[in-house]
Amino acid sequence: MTDGNETHKTPRDNSRKIILSAALAGILAGAVAVYVMERPSGNIVAGTNASDQCALKTADAKKIDGAAVGAIAAMRGADSPQSMSALTFTAPDGKPARLGDFKGKTLLVNLWATWCVPCREEMPALDALETKKGGDNFQVVTINVDTGDDEKPKAFLSEIGVKSLQLYRDPSMGVFNDLKRKNLAFGLPVTMLVDKEGCQIAAMNGPADWSSDDAARFIDTATSL
C-alpha cells in the first residue's frame with residue numbers, strides 16, 4: 001500500500017537506477033585511469049596543444065603506412081600520432097637537445113647501442129640514407145643509449161665507417177624507457193618517423209635496409225606531407 005504522495009517503484013525503474021550508477025562509476029574510474037596513464041614520465045612532457053595537433057595526423061599516418069613496402073615493410077603508421085617534441089638527449093656538442101629543436105624537418109629517429117648486433121648492420125644503411133637524403137627538409141637522428149662517456153660509441157662509428165651521422169646520445173636510456181612505456185620500443189634498434197611538427201606518425205622495431213630504393217621512396221613520401 002502507498003499513500004497519494006508516494007511513487008510506486010517498478011523493477012524497470014530500479015534497473016535504470018543501477019545502470020545509471022554503473023555508468024557514473026565507469027566514468028569516474030576511466031578518468032582516474034586516464035590520469036594515471038597519461039601522467040608525464042619525466043622525459044616527454046606532453047603539451048596539450050602539441051598533442052591535439054598530432055592527434056589530427058591520422059591521415060598522414062595511413063599514407064605513410066601505405067608507403068612502407070619492401071625493405072622497410074615493418075615500418076607501421078601510428079594509430080594515434082603523438083608529440084615527440086619534448087624528447088630530450090645530448091647533442092654532439094655535449095649540450096642538451098630536444099626533438100623540438102628540429103622543427104621544420106622530417107626526422108627518422110633511431111635508437112641504437114654498440115652492444116646491439118642488428119645495429120651494427122643497420123648503422124651504415126642509415127648513414128647512406130643521411131648522405132643521400134639529408135638536408136634542410138630531412139635528417140636521420142641516431143641516438144646512442146650506451147652508458148658511460150662518448151669514447152666507445154665514437155670508436156664504434158669510426159670502425160663501421162659512418163661518415164654522415166652525428167653522435168646524439170642518451171646514456172640515461174630515458175628516451176628508450178619513455179618510448180617503451182608508450183609501447184613504441186621493445187628492443188634495439190627502434191626507429192620512428194617524426195614529421196615537421198614533431199609528431200610521431202610511424203615506428204618500427206628491428207633493423208631495416210635504409211640504403212634501399214624502398215627507403216628513399218618512403219622518405220620522399222614523408223617529406224611531402
Side-chain angles (χ1 to χ4, degrees), residues 37-38 43-87 89 98-112 118-119 122-143 164-165 168 175-176 178-225:
M37 293 299 291
E38 295 301 325
N43 194 308
I44 299 174
V45 182
T48 302
N49 292 336
S51 297
D52 290 346
Q53 181 185 37
C54 291
L56 301 175
K57 299 294 185 78
T58 53
D60 287 348
K62 287 181 180 178
K63 187 173 182 179
I64 283 296
D65 190 77
V69 298
I72 57 162
M75 179 68 85
R76 296 268 59 93
D79 292 329
S80 300
Q82 53 193 311
S83 177
M84 293 291 154
S85 293
L87 274 179
F89 43 93
R98 303 165 66 249
L99 276 189
D101 298 337
F102 298 84
K103 189 173 182 178
K105 279 188 177 184
T106 300
L107 305 176
L108 191 71
V109 181
N110 176 275
L111 273 59
W112 67 280
C119 298
E122 185 181 46
M123 291 299 287
L126 288 165
D127 188 57
L129 179 63
E130 173 63 16
T131 301
K132 185 176 183 178
K133 293 291 185 180
D136 293 338
N137 295 323
F138 172 74
Q139 184 173 342
V140 179
V141 178
T142 51
I143 304 172
S164 298
L165 298 176
Y168 296 95
V175 172
F176 177 84
D178 274 314
L179 296 183
K180 185 177 180 181
R181 281 188 283 269
K182 290 179 177 292
N183 294 319
L184 293 174
F186 307 103
L188 292 177
V190 57
T191 307
M192 296 186 300
L193 183 72
V194 178
D195 74 4
K196 297 175 178 67
E197 283 76 42
C199 302
Q200 174 263 328
I201 56 175
M204 67 178 289
N205 282 260
D209 183 3
W210 292 104
S211 63
S212 64
D213 291 339
D214 293 326
R217 286 189 290 267
F218 176 81
I219 297 303
D220 288 342
T221 300
T223 55
S224 70
L225 296 176

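As the structure is a computational prediction, the values presented were derived from the model and not from experiment.
Ring geometry for F102 versus F89: interplanar angle under 30°, hence parallel rather than tilted (30 to 60°).
Put simply, the side chain of K57 never gets that close to the backbone of Q82: no donor and acceptor are under 3.5 Å apart. Under a 3.5 Å cut-off, the side chain of Q200 and the backbone N or O of M84 do not form any donor-acceptor pair.
Residues V140 and L165 are in side-chain contact: their nearest non-hydrogen atoms beyond the backbone lie under 4.5 Å apart. Side-chain contact check for L108 versus L126: some heavy-atom pair is nearer than 4.5 Å. Considering only heavy atoms from C-beta on, V109 stays 4.5 Å or farther from Y168 through its side chain. Within the 4.5 Å cutoff, the side chain of E122 has heavy atoms near those of the T191 side chain. Contact check for K133 versus D220: side-chain heavy atoms found under the 4.5 Å cut-off. A 4.5 Å side-chain heavy-atom check between I143 and F176 finds every atom pair outside the cut-off. L225 is listed as a side-chain neighbour of I201, based on a closest heavy-atom distance under 4.5 Å.
In this structure, NZ in K196 is found 13.0 Å from NZ in K103, a value given to the nearest 0.5 Å. Separating the CH2 atom in W210 from the NZ atom in K132 is a distance of 13.0 Å, to the nearest 0.5 Å. One distance of note links CG of L56 with SG of C199; it measures 9.0 Å at 0.5 Å rounding. T106 contributes atom OG1, which lies 8.5 Å from atom CD of E197 (distance to the nearest 0.5 angstrom). Between atom OG1 of residue T223 and atom CG of residue N137 there is a gap of 6.5 Å, rounded to the nearest 0.5 Å. Atom CD of residue E130 and atom CG of residue D127 lie 8.0 Å apart, to the nearest 0.5 angstrom.
Nearest heavy-atom pair across P118 and P207 is CB-CG, 3.8 Å. Between A61 and P81, the shortest heavy-atom distance links the atoms CB-CG, 4.2 Å. The nearest pair of heavy atoms linking S211 to A128 is CB-CB, 3.8 Å. In terms of heavy-atom proximity, M204 sits nearest to G206 at CE-O, 3.5 Å. In terms of heavy atoms, N205 sits closest to F186 at OD1-N, 2.8 Å. In terms of heavy-atom proximity, D209 sits nearest to A125 at OD1-CB, 3.9 Å.
Checked by atom type, the side-chain pair S164/T131 shows a donor-acceptor distance below 3.5 Å.
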Could you go through residues 64-73 and list every donor-acceptor pair under 3.5 Å that involves a side-chain atom there, pairing it with any protein atom two or more places apart or in another chain?
from	atom 1	to	atom 2	distance (Å)
D65	OD1	R76	NE	2.7
D65	OD1	R76	NH2	2.9
D65	OD1	G77	N	2.9
D65	OD2	R76	NH2	3.2

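Residues that satisfy the ring pair (Phe, Tyr, Trp, His ring centres under 6.0 Å) test with W112, not counting sequence neighbours, are F156. For K105, the side-chain contact (heavy atoms from CB on, under 4.5 Å) criterion is met by L107, Q139, not counting sequence neighbours.
Atom NZ of K180 has 12 or fewer heavy atoms from other residues, nucleotides or ligands within 6.0 Å.
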